[in-house]
Q: 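Pasting in a structure now, in structure tokens, and then I'll have a few things to ask.
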Amino acid sequence: KQVLWLKRFREQRCLRQASPASLQLPFGRHHSLLAIACRAGTEGAEMTTADESHMQVVEYRSLVELALPHFLPCFISQVVRCLTVAVLPMHVLSLGYSYDDVGLLSTIAGVGIALGNIPAGMLTTAYGPRFVLLVHCVLFASSAALSCAASRVEAHLALPFFVASFLLLGTAESVGLLAGNTFMGSTAHSSLRGRAGSTQGGIVRCAASVGPLVGGMIAQAIGPIAVYALQVILAMLCAIAIRVLMPLTSATQDISTSGAMPRRADSPHGGSLSMADVVREHWRLLLSASTFVGLASYLRKSRELIFPLEGHERGLSQAEVGRYASLSFLVDFALFPVAGILMDRLGRTRTGALSFVLTMLSFLTLQNHSQETFVIFAILGGIANGIQSGLTATFGADLAPADCRSNFLAVFRTLVRTGDPTASATLGAVASSGSLQGAEMMIAAFCLLGATFALCVVKEPPRKEAVAAVPAAAEPSKAPASDAGTVSTCEDEKRELTAPLVTESDDLESPSTAEPDRALGA
């Protein structure tokens, strides 16, 4: 079968040289793997684990095009996740467990978030983002079923069920976000990627504002079991939306060459660097970036966990805690357009430092136990988290190389997500051994440390896409002559593909008079 494929590759390559216009692939369309192979020149490629003959190359150049295949499933899955933000910890506390137990369970969820990135990266490389997103829907449904089973047994026997539920919940969140970010990074045009990351962050925050409110109201009116049942139903709906609306794409596709990245001669991992190779080649970049974004994740998780703990400390009901959390997440959601503007104009690191300072001020207000200070904490914390909407996704898209995108994102997100279990463990331990107010002061100190680190240590990521497109379009004459041989490097392949598209048109127009999209494609 592979020999037949290679023969067809060569035939199509000859046709391409004779008639370049016959293989010009328009933006926003799905392209067959046959055209991908003859454009990329991967005559020696081996078949990967997934059936590549059914994979498509997709490029989206507007947020509207991304709405159904990416944003809609993302919204549904995040609603599933956020339904139990306040319900699940307060359900655990209502069964007689302590703050320390809640901190332990949240730590286990954080471990699932951190460790789930490694298998998710491998599966995404092998089978594509769509398959992994279907798996994450199954994990959400399984977590809800275990939480429901925990409420059916005696209180002292419920802890193992909650442990498994929290672990699957964290793993599902991690797997879904990594696969979604891989899909967005590989299909969104470079000029759209920043707005797409910010919009994704806004959708996550919109779901976070709806989920706790709906979950708290249902839990108070019917009970927590109804919330878990709703999670299962929405997870099934999300799986259907993914299967119907999302195309089957490769994790390593490079839309700048309208195909998958060429195989590396030094890598046996399907053309992609292994996890160890990614760490070895990019460890300095990973260390500084993951520390910065990981601290943001630590503060985000601490803010999320403070709502049920502070609400229980003040004697508030589940519905009241849900309303405060929803207010904070609603403010968070409303600021996602501002986040995109700040990250593009002020910079990623300065925006993160500003967010850390506002988070510190919000935690300091909790030292006063009045109702007004809880409202101020909800609003100020929402502003602080809202202005860094999409920071993790944008940083990952800025840094990840196309030829090892999913594995790089897996390592990056694993390091970043260590902030979640660290936040749960430290917050629960300090609150149980000392006081909740002492834990809040500790988080405020971390905010100050993070702002200093962001301004003094972390470097602003370069804007590589906009700079790289200009020289290629301006100097098409340097492209090598067409040749039936294999391509040695990725850059040579890009120059080879650029020349026929720009200079061998029907009227032999010059690069200066070529259509803008074709020049940008260079």
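These numbers were taken from a predicted model, which means no experiment stands behind them. What you see below is based on every heavy atom in this structure, not just the backbone, and it leaves out hydrogens, waters and symmetry mates.
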Q: Check whether any side-chain heavy atom of T124 lies under 4.5 Å from a side-chain heavy atom of F183, and answer yes or no.
A: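 A side-chain contact under 4.5 Å is absent here.
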Q: Less than 4.5 Å apart, side chain to side chain, heavy atoms only: is that true for T187 and H70?
A: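 Sidechains of H70 and T187: no contact.
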Q: Indicate the atoms forming the closest heavy-atom contact of V204 with C74, along with that distance.
A: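 In terms of heavy atoms, the two residues are closest at CG2-SG, 4.2 Å.
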Q: When you compare the side chain of L327 with that of V375, does any pair of heavy atoms fall below 4.5 Å?
A: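 A side-chain contact under 4.5 Å exists here.
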Q: Could you grab the distance from atom CG of L83 to atom CZ of F140, nearest 0.5 Å is fine?
A: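 Atom-to-atom, L83:CG and F140:CZ are 10.0 Å apart.
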Q: Rounded to the nearest 0.5 Å, how far does CG of L169 lie from OG of S143?
A: 4.5 Å
Q: Any idea which heavy atoms bring I387 and A339 closest together, and the distance?
A: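 Reported closest heavy-atom pair: O-CB, 3.4 Å.
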Q: How close do L68 and L245 get, heavy atom to heavy atom, and via which atoms?
A: O-CD1, 3.7 Å
Q: Strictly below 4.0 Å, N to O, side chains only: are D332 and R303 in salt-bridge contact?
A: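 The answer is yes: the pair qualifies as a salt bridge.
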Q: Go through L213 and F329 one step at a time and tell me if the side chain to side chain contact (heavy atoms under 4.5 Å, CB included) criterion holds.
A: CA-CA 10 Å; L213 179 62; F329 289 127; over 6 Å; no
Q: Evaluate the side-chain proximity of L335 to S389: yes if any heavy-atom separation is below 4.5 Å, no if none is.
A: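 No, side chains not in contact.
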Q: In Å and rounded to the nearest 0.5 Å, what is the CD to CG distance from Q78 to L234?
A: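 Separation between the atoms: 12.5 Å.
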Q: Report yes if the side chains of L133 and P73 come closer than 4.5 Å at any heavy-atom pair, otherwise no.
A: no
Q: Any idea how F356 and F292 line up, ring-wise: parallel (<30°), tilted (30 to 60°), or perpendicular (>60°)?
A: perpendicular
Q: Does any N or O in the side chain of S362 come within less than 3.5 Å of the main-chain N or O of T359, such that one atom is a donor and the other an acceptor?
A: yes
Q: May I ask you to test the L66-Q200 pair for a side-chain heavy-atom distance under 4.5 Å?
A: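 With C-beta onward as the side chain, the pair stays apart.
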Q: Looking only at heavy atoms, which two atoms of L134 and A239 are closest? And how far apart?
A: CD2-O, 3.4 Å
Q: Could you pull out the closest heavy-atom pair between G116 and S174, with the gap in Å?
A: C-OG, 3.6 Å
Q: Using atom types as modelled and distance alone, determine if a side-chain donor or acceptor of S328 lies under 3.5 Å from a backbone N or O of A378.
A: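 A pair under 3.5 Å: yes.
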Q: Applying side chain to side chain contact (heavy atoms under 4.5 Å, CB included), run through L248 and F131 and close with a yes or a no.
A: CA-CA 8 Å; L248 181 61; F131 174 81; 5.8 Å; no
Q: For E173, check salt bridge (Lys or Arg N to Asp or Glu O under 4.0 Å) against everything at least two apart and list the hits.
A: R81
Q: Would you please classify the geometry between the F412 ring and the F408 ring as parallel, tilted or perpendicular, with 30° and 60° separating the classes?
A: parallel
Q: State the OG1-CG distance between T414 and L178, to the nearest 0.5 angstrom.
A: 8.0 Å
Q: Looking at every non-hydrogen atom in both residues, tell me the closest pair between S290 and V416 and how far apart they are.
A: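 Shortest heavy-atom contact: CA-CG2, 3.9 Å.
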Q: Keeping the roles fixed (side chain from S326, backbone from V210), state whether a donor-acceptor pair exists under 3.5 Å.
A: no
Q: Distance from N407 atom CG to T125 atom OG1, nearest 0.5 Å?
A: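 N407 CG to T125 OG1: 4.0 Å, rounded to 0.5 Å.
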Q: I need the full list of salt bridge (charged side-chain N to carboxylate O under 4.0 Å, His left out) pairs touching residues 226-251, with sequence neighbours left out, sorted by first then second residue.
A: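 Counting only pairs at least two positions apart or across chains, no salt bridge (charged side-chain N to carboxylate O under 4.0 Å, His left out) contact touches residues 226-251.
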Q: Would you find a donor on one side and an acceptor on the other, under 3.5 Å apart, between the side chain of E65 and the backbone of R61?
A: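 Yes; judged by distance alone, with no hydrogens or angles, the pair exists.
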Q: In the structure I gave you, are the side-chain heavy atoms of C238 and I242 within less than 4.5 Å of one another anywhere?
A: yes
Q: Report yes if the side chains of F307 and P212 come closer than 4.5 Å at any heavy-atom pair, otherwise no.
A: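 Side-chain contact under 4.5 Å: no.
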Q: Going from CG on L342 to CZ on R350, what distance comes out if it is rounded to the nearest 0.5 angstrom?
A: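 Here the interatomic distance stands at 12.0 Å.
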